[in-house]
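Naming convention: chains lettered A, B, ... in sequence-line order (proteins, then strands); numbering from 1 in each chain.
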Amino acid sequence: MLLQFKVLAPVISHDILVGGFLINSLQREASLTEMFDKDLGIETELDNIPPEEIIQKAGVIVAGLNRLAFLQGEQMSELTGLIKVAEDIEWPIIPVLANMEVEGIELNARALHKMSEEFAEIIEDIAVQIYGYADQEFNISSPSQLAKVLFEDLDLPTKGIKKGKTGYSTDAKQLEKLRWSHPIINLVTQYREYTKLKSTYIDALPKLVDENSRLHTDFRLTVAQTGRLSSAEPNLQNIPVRTEIGKKIRESFVAGEGRAFVSADYSQFELRLAAVMADDKELVELFNQDADIHTETAAKVYDVSPHEVTPDQRRHAKVINFGILYGMSGHGLSVATGTTELEAKDFLTKYKELRKPIFDYTASLIEQAKKKGYVETLFGRRRPMPDINSSNFIVRSSAERAAMNMPIQGTEADLMKMAMIEVEKKLPKGAKQLLQIHDSIIIECNISQTKQVEEILQETMENIYPKLPVKLKVDVKSGKNWGDL
DNA sequence: GTGTAATGCGCG
DNA sequence: AAAGCGCGCATTACAC
């Protein structure tokens with residue numbers, strides 16, 4: 001943590017690891033040692049230099065770093081837009097992230113300890129019931145042992161159950177299909193939910209707090225192929241929210257004495273960007289009119305007026321509105337909506353007519369990937385696509401879906417970083433950015449600053465790139481703990 | 001004991 | 001025939 005010793009400069013003029021990733025994200029694991037060896041032909045164990053040799057090698061190291069920075073600058077100049085991505089986005093976001101990592105977020109570890117004990121009892125109780133139905137004790141957490149109990153000992157139907165490399169799958173989707181065949185299934189599902197939350201969050205997070213009970217994540221810039229951040233040790237970008245039990249865990253992230261959290265998240269961010277990048281004028285117009293996008297989509301596809309759309313029809317439209325950005329198939333749609341494959345394919349055909357610009361756009365992205373070997377965001381961040389011409393259907397199809405998705409997800413990531421850089425400049429003293437979760441920012445500030453911070457966030461994020469023909473909508477909230485947001 | 005693949009699941 | 005993008009992490013099972 002160089003920042004703690006005031007060593008890290010507030011302005012970054014070049015970062016070699018990040019630069020290497022921008023030029024070729026496939027070499028994300030490249031260490032400085034490897035880059036010295038590969039790009040400069042200098043063999044040195046940078047990570048492993050004995051202290052007494054540091055001084056005598058310092059000259060070579062500094063000169064090497066300079067040389068690498070220079071070479072990367074030259075390479076980036078040859079890739080359209082990449083210098084601007086580096087200078088306008090990647091270099092400036094580094095000190096912002098460093099500040100967030102050092103600041104950390106407070107965890108109510110005592111509340112989690114209490115939850116841990118409650119969960120232990122609940123889990124034990126569920127396990128005993130499962131053993132009763134199974135007529136034996138076994139490791140419920142072992143997929144192979146569970147599969148044996150379900151499909152061999154209890155002889156549950158295996159029709160339509162997905163097979164993996166080692167046998168029948170027991171994942172949540174398959175268990176859902178078996179739900180009505182035996183009372184043990186619901187218990188296993190509950191067991192999974194409780195043990196997952198207990199081991200991954202309730203028991204793990206308190207071990208990582210500092211002396212002020214704060215958690216410090218590590219935001220990584222050179223991992224996600226789309227340009228998103230990743231968060232590790234601990235990952236604070238996957239804290240539970242979807243279930244009631246999960247929300248309780250969120251409530252244990254708390255603002256300090258006299259302080260409050262403010263959050264701001266982009267509404268329908270990816271779909272709005274898809275509309276822009278595909279130049280889908282009708283979809284852009286719908287967003288600019290603040291329409292309920294899923295209802296409007298359902299109305300068009302099912303050929304009814306918006307107020308006649310049923311909840312099921314809206315749900316189907318919602319699934320495809322999101323799924324389309326990932327290259328969802330007719331089969332995938334039928335699974336996700338619970339309709340027949342025929343209905344789903346019919347639905348998809350009509351949707352393709354309705355959103356022709358989107359489908360033309362995604363097709364053009366696959367074209368570009370095949371022709372140029374890469375796709376890119378609105379600002380020129382690139383993702384190489386070496387698998388796009390693979391002779392293996394599965395590998396190639398997967399690359400095609402990734403090519404369809406990266407420019408949208410990546411542009412979202414670019415805009416979020418730009419927003420964070422601006423927000424950092426505008427925040428009053430006493431307000432600090434703590435977390436970024438892909439389409440949202442969480443800030444801690446004095447309670448008296450709440451309104452002001454909300455306004456700064458909304459204003460900055462909605463207007464981060466005014467050239468965009470679609471309105472960006474940002475929702476802001478505040479509260480004393482993360483569960484309030 | 002350490003390392004890795006497979007499985008499963010938390011989030012956007 | 002396969003069938004949804006991007007991540008990180010806990011656990012099991014097994015090789016060494």
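- Ion pairing between A/Glu412 and A/Arg272 fails under the 4.0 Å rule for side-chain N and carboxylate O.
- With respect to A/Asp171 and A/Lys162, a salt bridge is recorded, a charged nitrogen being found less than 4.0 Å from a carboxylate O.
- Across all strands shown, A/Phe393 has heavy atoms under 4.0 Å from base atoms, whether or not it also approaches the sugar-phosphate.
- Note on A/Arg383: only backbone sugar-phosphate atoms sit closer than 4.0 angstrom, heavy atoms only; bases stay farther off.
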TODO: Mark up nucleotides 5-12 of chain B, 5' to 3', with B wherever a protein heavy atom is under 4.0 angstrom from a base atom, S wherever such an atom reaches only the sugar-phosphate, and - elsewhere.
DONE: -SSBBBBB

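- Salt-bridge formation is not detected for the pair A/Arg396/A/Asp387: no Lys NZ or Arg NE/NH1/NH2 atom is positioned less than 4.0 Å from an Asp or Glu carboxylate oxygen.
- At whole-Å resolution of the value, CZ in A/Arg220 and C1' in C/dG8 are 9 Å apart.
- Note on A/Asp475 versus A/Lys477: no salt bridge recorded, every NZ/NE/NH1/NH2 to OD/OE distance being 4.0 Å or above.
- Note on A/Lys173 versus A/Glu176: no salt bridge recorded, every NZ/NE/NH1/NH2 to OD/OE distance being 4.0 Å or above.
- Looking at DNA chain C, the stems built from 3 or more consecutive Watson-Crick or G-U wobble pairs, each pair with its key distances under 3.5 Å, are B:1-12 with C:5-16.
- Contacts classified as ring-ring contact (aromatic ring centres under 6.0 Å, His included) and involving residues 224-245 of chain A (residues at least two apart or in different chains) are not found.
- Distance CD1 (A/Ile324) to P (C/dA3): 18 Å, rounded to an integer number of Å.
- Nucleotides C/dG4 and B/dA5 are separated by 23 Å at their C1' atoms, to the nearest Å.
- Pairs engaging residues 170-195 of chain A under the ring-ring contact (aromatic ring centres under 6.0 Å, His included) rule: A/Phe119-A/Tyr194, A/Tyr133-A/His182 [sequence neighbours left out].
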Grab the N/O contacts between the protein and nucleotides 1-4 of chain B below 3.5 Å, and write none if there aren't any.
none

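- Sorted by first and then second residue, the ring-ring contact (aromatic ring centres under 6.0 Å, His included) pairs involving residues 315-349 of chain A (not counting sequence neighbours) are A/His294-A/Phe322, A/Tyr302-A/Phe347.
- For the pair A/Ile358/A/Tyr361, no side-chain contact is recorded, criterion being any heavy-atom separation below 4.5 Å from C-beta on.
- A gap of 13 Å separates the P atoms of B/dT7 and C/dA3, to the nearest Å.
- The residues A/Lys350 and A/Asp346 are annotated as salt-bridged, a charged nitrogen and a carboxylate oxygen being separated by less than 4.0 angstrom.
- Checked for salt-bridge contact, A/Arg220 and A/Glu233 meet the test: a charged N lies under 4.0 Å from a carboxylate O.
- Looking only at distances, no side-chain donor or acceptor of A/Arg214 sits under 3.5 Å from a matching main-chain atom of A/Val102.
- Between the CG atom of A/Leu325 and the C1' atom of C/dG4 there is a distance of 10 Å, rounded to whole Å.
- Remark: P of C/dA2 and CZ of A/Arg401 are 13 Å apart, rounded to the nearest angstrom.
- Between the CD atom of A/Glu341 and the C1' atom of C/dA2 there is a distance of 11 Å, rounded to whole Å.
- Atom CD1 in A/Ile123 sits roughly 15 Å away from atom P in C/dA10 (whole-Å rounding).
- Protein atom CD1 of A/Ile249 is 14 Å distant from nucleotide atom C1' of C/dC9, rounded to whole Å.
- At whole-Å resolution of the value, CD1 in A/Ile202 and P in C/dA10 are 14 Å apart.
- For the OP1/OP2 pair of C/dA10 and a distance below 4.0 Å, the side-chain nitrogens and oxygens of A/Thr195 include no atom meeting the criterion.
- Map A/Ile394 and A/Asn139 each onto its nearest nucleotide of DNA chain C; the residue landing nearer the 5' end is A/Ile394.
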